[in-house]
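Everything below concerns the one structure shown next.
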Number of protein chains: 2
Amino acid sequence: MTRRPVLEMDATRRALADLFAPIRDELAEAERIFRRELESRFPFVQQLVDHCGDYRGKRLRPALLLLSGRACGAVTGAHPVLAAVVEMIHTATLVHDDILDESMVRRHAATVNAEWGNETAVLLGDYMFTHAFHLAASLETTQACRWIGRATNRVCEGEMQQVHHRGNLDLGEDGYFAIIDGKTAELTAVSCRLGAHYAGADADTSEALDRYGRNLGIAFQIADDVLDLWGDERATGKSLGTDLEKQKLTLPLIHLLAHAKPAATAAARRLLERARPECRRELVPLLEEAGSLDYAWQRARGHVREAIAALDGLPDSEAVAALRVLAELSARRSS
Amino acid sequence: MTRRPVLEMDATRRALADLFAPIRDELAEAERIFRRELESRFPFVQQLVDHCGDYRGKRLRPALLLLSGRACGAVTGAHPVLAAVVEMIHTATLVHDDILDESMVRRHAATVNAEWGNETAVLLGDYMFTHAFHLAASLETTQACRWIGRATNRVCEGEMQQVHHRGNLDLGEDGYFAIIDGKTAELTAVSCRLGAHYAGADADTSEALDRYGRNLGIAFQIADDVLDLWGDERATGKSLGTDLEKQKLTLPLIHLLAHAKPAATAAARRLLERARPECRRELVPLLEEAGSLDYAWQRARGHVREAIAALDGLPDSEAVAALRVLAELSARRSS
């Protein structure tokens, strides 16, 4: 495995812009709905909302929702609304995650907790969660509210499990996958499911899109966890090594502790017990020697394949092709 | 004005039990729904949920919702569901408020942040918020989701304004009332509105119940703010003086700074700048001398009268009588 160059991030961004071309108008409409829903008559609240607008990322979840819709039938007026909803929930979880991780920087900007304190970050996240539900309730039926409610419940459970297992160096793969299935894959899964359902897909097809989104989310999270050990802070624009600092055991570390030689395992445990982000420099050679980074990438690739297989029943289209490429990119990103 | 005895709390509790007698079955059903909705397959999550069940309070919001329904027509199957929803949102805001206030004790038990840390408290609050919306979405239409979404947005805005104005010793009455109208009165207002609407009330009657709940909430919050300066920690079962510690200007303090003699104003400003909970012992004599505590109680009483006046159009019933007494109690409580 070779280190991927920093510039690959820009290449990925350009690739995403091309992939999102068929849904560009709907993405722009989702963006307008997002901003309009969060508008506040209080200048302080508006300032906070604007700040978060600046550090939002690749718009992956809205794009998944809209492409899933396009892949399954007609994109309707509900789609940009729902795309704004899932992006708002994602942004709320980012704002709260940065409190949990004590992160100072996200997307090259100060986090809300770093700039205005934890209290404001707690409330801004709540504000976004409640606006997301308010917006979802503007649709005709309660279907979206129900699915989004259930998915966000599971996101929170996954995150609570993660906090609970901090410092648990005996966490196994099952525990790890239960956590990331909740905290990351639920939201990508429900995004795809909603896109399909609101385009008129039948239950089986909606289920297949859910499976696509879930596997993509798992692959994406494994890649993110690898990046936290192995990425470049300048390229990613965020604090790295936070999983080590917070003693969160991720897939490569779980593999290392289970499969390395005794001396390497003992060294890794000592490094993990120090709970310092800079330990990643000493851990990476151990991870590479034990094949743990390769193992994590292989597992991620397995989920990419499952995601792509879930699209098998769909008729060929530009949207389906884009979903395939997105799955490929989820485990090949450098940011 | 004389100090009310500690035992009054028990008297208030007994009075509430009597008032809630006509809706006892529905309150019990709401309680079952509350617990069932929050059940988790993860023991850690379940433990947290159970802990919060122990420090929940007087069930004021569910009772307001159910009594409003009874006062306006028939209580339906939707009522206990919605009663559980508003209690869940209230509990979520308590869990997050305790992080903001760095409170260690609530209802004689350790707060979630004190026992398990801020991170867990952030996530548990989120878990309750998202379950509340999930539960609201189990009803037939999106009406409840929309109203609850809008109300919780305003709760968050009010709280953010409050954080923003911490340390602002020039906050005026308008600013104070904008904050408490959001952070407290929105949820009592929407509780009453939902109760009325789901019992078949017309728009004007739902609006009147909203006004009742809003004024009750404002009176309740003024009383709570007075209590923070003037209560007994053993009786209330929570940390007091937190408004001083967090430099939140409340109605009596705003009155004191605007109306006391120059020497007393200067002394009060110095005490407020120290931001220590124990300063309440030195502030209370100043507040009493300037008539600020009496002023705050008078303002609270004004809102009690407005709340009761909002019930004028309703036919006499046990429920309406209970709502009147609840309004009276909102500004006469010692816990």
Side-chain angles (χ1 to χ4, degrees), chain A residues 37-38 40-45 48 89 92-93 96 99-102 116-166 178 246, chain B residues 37-38 40-42 44-45 48 89 92-93 96-97 99-102 116-166 178 246:
Chain A
E37 173 66 32
L38 292 177
S40 173
R41 68 198 164 99
F42 295 111
F44 175 61
V45 177
L48 296 170
I89 288 171
T93 63
H96 280 182
I99 305 171
L100 312 190
D101 293 339
E102 300 177 56
W116 290 278
N118 282 349
E119 296 141 335
T120 299
V122 169
L123 294 171
L124 181 66
D126 291 352
Y127 181 77
M128 291 187 168
F129 268 127
T130 62
H131 269 283
F133 286 105
H134 183 246
L135 186 55
S138 70
L139 297 178
E140 249 173 64
T141 72
T142 56
Q143 182 64 75
C145 290
R146 277 208 298 278
W147 281 349
I148 291 167
R150 191 181 56 186
T152 48
N153 298 340
R154 291 178 180 168
V155 169
C156 295
E157 272 188 330
E159 298 243 27
M160 281 194 273
Q161 282 302 102
Q162 178 164 276
V163 167
H164 183 55
H165 283 295
R166 274 190 197 158
K246 292 290 171 181
Chain B
E37 173 66 32
L38 293 178
S40 173
R41 66 198 165 100
F42 296 111
F44 175 61
V45 177
L48 295 170
I89 289 172
T93 64
H96 280 182
D97 279 354
I99 305 171
L100 311 191
D101 295 339
E102 299 174 55
W116 291 277
N118 282 349
E119 297 141 335
T120 299
V122 169
L123 294 171
L124 182 66
D126 292 352
Y127 181 78
M128 291 188 167
F129 267 127
T130 61
H131 270 284
F133 286 103
H134 182 247
L135 187 55
S138 70
L139 298 177
E140 249 175 65
T141 72
T142 56
Q143 182 65 72
C145 290
R146 277 208 297 278
W147 281 349
I148 290 166
R150 191 180 56 186
T152 48
N153 297 340
R154 291 180 180 166
V155 170
C156 294
E157 272 190 328
E159 297 243 27
M160 281 195 271
Q161 282 303 101
Q162 179 164 275
V163 167
H164 182 54
H165 283 294
R166 274 191 197 158
K246 291 291 172 182

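Keep in mind that what you see is a predicted model, and the values were worked out from it rather than measured. Order of the sequence lines sets the chain letters (A, B, ...), proteins ahead of strands, with each chain counted from 1. Only heavy atoms go into these numbers, but all of them, side chains included; no hydrogens, no water, no symmetry mates.
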* Asked: In a check of side-chain hydrogen bond (donor to acceptor under 3.5 Å, both in side chains) between B:S40 and each of A:Q161, A:E157, A:R154, which one passes?
  -> A:E157
* So which heavy atom on A:M160 is nearest to which on B:V45, and how close? -> CE-CG1, 3.8 Å
* Working to the nearest 0.5 Å, report the span between SG of B:C145 and CG of A:L135. => 12.5 Å
* Asked: If you look at every heavy atom in A:N153 and B:Y127, which pair is closest and at what distance?
  -> O-CD1, 3.9 Å
* Just how far is it from atom OG1 of B:T152 to atom CZ of A:F129, taken to the nearest 0.5 Å? -> 12.0 Å
* Structure fact -> One option among B:G149, B:A121, B:S138 has the most heavy-atom pairs under 4.5 Å with chain A, and it is B:G149
* **Residue pairs passing the salt bridge (Lys or Arg N to Asp or Glu O under 4.0 Å) test where at least one lies in residues 136-153 of chain B, sequence neighbours excluded** => none
* For B:E37, is it the side chain, the backbone, both or neither that has a heavy atom under 4.5 Å from a heavy atom of chain A? -> side chain
* Enter the distance from A:H164:NE2 to B:W116:CH2 here, rounded to the nearest 0.5 Å. => 11.0 Å
* Quick one: does B:D126's side chain get under 4.5 Å of A:D126's, heavy atoms only? -> yes
* Structure fact -> Rounding to 0.5 Å, atoms NE2 (B:H165) and CZ (A:F44) come to a distance of 9.5 Å
* Asked: Between B:L48 and chain A, which part of the residue has a heavy atom less than 4.5 Å away: side chain, backbone, both or neither?
  -> side chain
* Where A:C156 and B:T130 come nearest, the two heavy atoms and their spacing -> SG-OG1, 4.1 Å
* Output the distance between atom CG (A:N118) and atom CD (B:E119), rounded to the nearest 0.5 Å. => 9.0 Å
* Plane angle bin for A:H96 and B:H96 - parallel if under 30°, tilted between 30 and 60°, otherwise perpendicular -> perpendicular
* Structure fact -> So, the part of A:T141 with a heavy atom under 4.5 Å from chain B: the answer is backbone
